[in-house]
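To start, the structure itself, in structure tokens.
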Amino acid sequence: MLDKPASQTAVRASGPLAGFRIVEFAGIGPGPFACMLLADMGAEVITLDRVGAGKNLKAVATRGRKVIELDLKNKAAISEVLELLSHADALIEGFRPGVMERLGLGPDVVLARNPKLVYGRMTGWGQEGPLAHAAGHDINYISITGALAAIGTKEKPVPPLNLVGDFGGGALYLVVGVLAALLEAQKSGKGQVVDTAMCDGAASLMSMFYDMAAQGRWSGGRDQNFLDGGAHFYGVYECSCGNFISIGSIEPQFYALLRKHADLTDADFDAQMDRKAWPQLKEKLTNVFKSKTRDDWCKIMEGSDICFAPVLTMAEAPKHPHMAARKVFVERHGVTQPAPAPRFSRTPSAIREPEVASIGDVTSAWKDRS
């Protein structure tokens with residue numbers, strides 16, 4: 001059974017970021033996800049959203065915030081926002097370059113009022129460059145980094161959901177950048193702009209592969225390398241039941257265990273690192289794994305050093321014994337969702353309930369704590 005998060009009153013001050021005040025300008029994708037992480041870790045995140053937005057108790061990425069409804073085209077509202085930002089530690093926005101400036105909320109204006117503020121900006125292309133003002137989505141941002149071209153089948157690249165651009169290269173780099181700037185601001189007393197671009201972050205995530213390419217250990221094609229499905233010992237295989245399993249038996253000792261438990265006595269499997277042999281060995285291993293069900297293979301291999309796991313659906317994942325034991329998923333308002341991560345021993349993260357608040361009340365409370 002999934003755990004349910006504690007009540008809001010019990011977790012209000014929980015998390016290593018308790019006491020930090022962050023203003024989020026509502027958006028979609030990586031910005032809200034980054035703010036979810038910060039809120040889970042205890043930061044007080046105030047989301048400025050459109051009039052009528054309200055709160056959604058079942059939302060995952062927007063959990064843990066206080067929502068303030070505002071019309072940012074109203075000059076009086078902009079004045080209220082500037083006053084709120086005067087008492088904030090960080091701002092996070094995900095508009096196209098120039099939008100915040102046109103609203104009268106650009107970095108120059110905001111930092112003049114609050115020099116210690118960290119101004120986090122989240123875009124796909126970055127704040128400058130030939131594509132800065134063009135529309136785009138995750139798939140486009142990772143296309144120009146080399147990442148998308150390296151993922152997929154021999155026939156064509158396959159979109160890796162929007163994990164690489166929006167969330168890996170975007171939200172996580174935004175969180176790291178904002179936290180680093182907050183640390184520096186505590187020493188210097190000065191804030192700064194954190195320009196986070198998904199194309200930058202996705203390119204950074206490719207560092208190891210550019211490194212291997214420089215060493216001659218990575219070819220330019222897909223399904224030809226040992227981490228892209230080209231190797232028979234690192235990939236996904238279908239079972240007789242139609243479900244799939246994954247293996248990652250790279251190291252010799254792990255490969256030896258794979259051979260033992262899968263009964264791979266054929267001498268051809270001795271050529272583990274011979275790239276020319278990989279297609280034939282993959283075909284043979286495909287037939288081996290199709291001889292049993294996924295459950296059968298789990299009984300034979302799971303928990304061993306083969307580097308094995310069943311490929312689970314989103315519906316199956318929360319029920320897996322390991323995920324259940326670690327309470328990786330929780331249920332909130334009838335919605336199964338990932339629990340806060342990472343985990344802290346002394347200041348645990350927690351999910352808080354969303355609230356609808358007024359900008360006057362929040363500003364007054366922040367003034368009193370300043």
Would you say [X]'s side chain and [Y]'s backbone share a donor-acceptor pair under 3.5 angstrom?
{"X": "T47", "Y": "D49", "answer": "no"}
{"X": "T286", "Y": "K282", "answer": "yes"}
{"X": "D138", "Y": "D166", "answer": "yes"}
{"X": "R222", "Y": "I151", "answer": "no"}
{"X": "Y141", "Y": "G136", "answer": "yes"}
{"X": "S14", "Y": "P348", "answer": "yes"}
{"X": "N114", "Y": "L85", "answer": "yes"}
{"X": "S240", "Y": "T293", "answer": "yes"}
{"X": "E69", "Y": "G52", "answer": "yes"}
{"X": "D228", "Y": "Q224", "answer": "yes"}

Are the aromatic rings of H232 and Y237 close, with centres under 6.0 Å apart? no

Any [X] side-chain heavy atom under 4.5 Å of [Y] side chain:
{"X": "P340", "Y": "M41", "answer": "no"}
{"X": "W125", "Y": "N140", "answer": "yes"}
{"X": "K290", "Y": "E238", "answer": "yes"}
{"X": "H87", "Y": "E83", "answer": "yes"}
{"X": "M212", "Y": "L227", "answer": "yes"}
{"X": "T153", "Y": "D223", "answer": "no"}
{"X": "P338", "Y": "V328", "answer": "no"}

Under the side chain to side chain contact (heavy atoms under 4.5 Å, CB included) rule, collect the residues that match up with L179, sequence neighbours excluded. L17, L38, V175, L182

Measure across [X] and [Y] and return the closest heavy-atom pair with its distance rounded to 0.1 Å.
{"X": "C307", "Y": "S249", "answer": "CB-N, 4.3 Å"}
{"X": "A90", "Y": "L117", "answer": "N-CD1, 3.6 Å"}
{"X": "S204", "Y": "S207", "answer": "O-OG, 2.6 Å"}
{"X": "V288", "Y": "W297", "answer": "O-CZ2, 3.3 Å"}
{"X": "G19", "Y": "D89", "answer": "O-OD2, 3.9 Å"}
{"X": "K190", "Y": "E184", "answer": "O-OE1, 3.5 Å"}

Of F308, W278, F269, which is the lone residue that meets ring-ring contact (aromatic ring centres under 6.0 Å, His included) with F233? W278

Among V81, L105, L91, which one satisfies side chain to side chain contact (heavy atoms under 4.5 Å, CB included) with L48?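 The single option meeting the side chain to side chain contact (heavy atoms under 4.5 Å, CB included) with L48 is V81.
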
Give the intermediate values and the outcome of side-chain contact (heavy atoms from CB on, under 4.5 Å) for residues V23 and W366. CA-CA 12 Å; V23 175; W366 283 8; 3.9 Å; yes

If you draw a 6.0 Å radius around [atom1] in [X], do more than 12 non-hydrogen atoms from other residues or ligands fall strictly inside?
{"X": "H333", "atom1": "NE2", "answer": "yes"}
{"X": "K284", "atom1": "NZ", "answer": "yes"}
{"X": "E283", "atom1": "CD", "answer": "no"}
{"X": "I28", "atom1": "CD1", "answer": "no"}

Are Y234 and I306 joined in one hydrophobic group, where the rule is that I, L, V, M, F, W and Y side chains link up if heavy atoms are under 4.5 Å apart?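 As far as the 4.5 Å side-chain criterion goes, I306 and Y234 are connected within one cluster.
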
Do you reckon L82 sits in the same ILVMFWY cluster as L72, going by side-chain contacts under 4.5 Å, direct or chained? yes

Quick test of your reading of the model: are R121 and E101 salt-bridged, counting only N-O distances below 4.0 Å? yes

Check this for me: does any side-chain nitrogen of one of D270 and R259 sit under 4.0 Å from a carboxylate oxygen of the other? yes

Any chance you could measure [X], atom [atom1], to [Y], atom [atom2], to the nearest 0.5 Å?
{"X": "D274", "Y": "K276", "atom1": "CG", "atom2": "NZ", "result": "7.5 Å"}
{"X": "F226", "Y": "M273", "atom1": "CZ", "atom2": "CE", "result": "7.0 Å"}
{"X": "T123", "Y": "D195", "atom1": "OG1", "atom2": "CG", "result": "5.5 Å"}
{"X": "S86", "Y": "R113", "atom1": "OG", "atom2": "CZ", "result": "4.0 Å"}
{"X": "Y119", "Y": "L111", "atom1": "OH", "atom2": "CG", "result": "8.0 Å"}
{"X": "K292", "Y": "C298", "atom1": "NZ", "atom2": "SG", "result": "13.0 Å"}

What's the verdict on side-chain contact (heavy atoms from CB on, under 4.5 Å) for L172 and F167, showing C-alpha distance, side-chain angles and the deciding distance? CA-CA 6 Å; L172 294 182; F167 303 119; 5.8 Å; no

Which of R369, R352, R21, R65 passes salt bridge (charged side-chain N to carboxylate O under 4.0 Å, His left out) with E44? It is R369

Identified salt bridge (charged side-chain N to carboxylate O under 4.0 Å, His left out) partner of E353 from the options R332, R63, K66: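 When R332, R63, K66 are each tested with E353, the salt bridge (charged side-chain N to carboxylate O under 4.0 Å, His left out) holds only for R332.
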
Using a 4.5 Å cut-off between side-chain heavy atoms of Ile, Leu, Val, Met, Phe, Trp and Tyr, which other residues end up in the same hydrophobic cluster as [X]?
{"X": "V67", "answer": "none"}
{"X": "M314", "answer": "none"}
{"X": "V311", "answer": "V236, F244"}
{"X": "I142", "answer": "I139, L148, V164, Y173, L205"}

One pair to check against side-chain contact (heavy atoms from CB on, under 4.5 Å): Q337 and I351. What are the steps and the verdict? CA-CA 11 Å; Q337 57 193 275; I351 297 175; 4.3 Å; yes

Step by step, work out the ring pair (Phe, Tyr, Trp, His ring centres under 6.0 Å) result for W218 and Y210. CA-CA 8 Å; W218 193 268; Y210 277 97; over 10 Å; no

Any luck finding a side-chain donor-acceptor pair between S219 and N225 under 3.5 Å? yes

Please evaluate residues M301 and L258 with respect to the criterion side-chain contact (heavy atoms from CB on, under 4.5 Å), reporting the C-alpha separation (whole Å), side-chain torsions for both, the decisive distance (0.1 Å), and the verdict. CA-CA 8 Å; M301 295 185 171; L258 171 66; 3.9 Å; yes

Quick one: side-chain hydrogen bond (donor to acceptor under 3.5 Å, both in side chains) pairs with a partner in residues 71-81, sequence neighbours left out?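 The answer is none; no pair qualifies.
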
Take H320 and E302, measure what side-chain hydrogen bond (donor to acceptor under 3.5 Å, both in side chains) needs, and give me the verdict at the end. CA-CA 12 Å; H320 187 274; E302 194 166 24; 2.7 Å; yes

Parallel, tilted or perpendicular: which describes the rings of F95 and F25, with under 30° parallel and over 60° perpendicular?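 Correct class here is perpendicular.
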
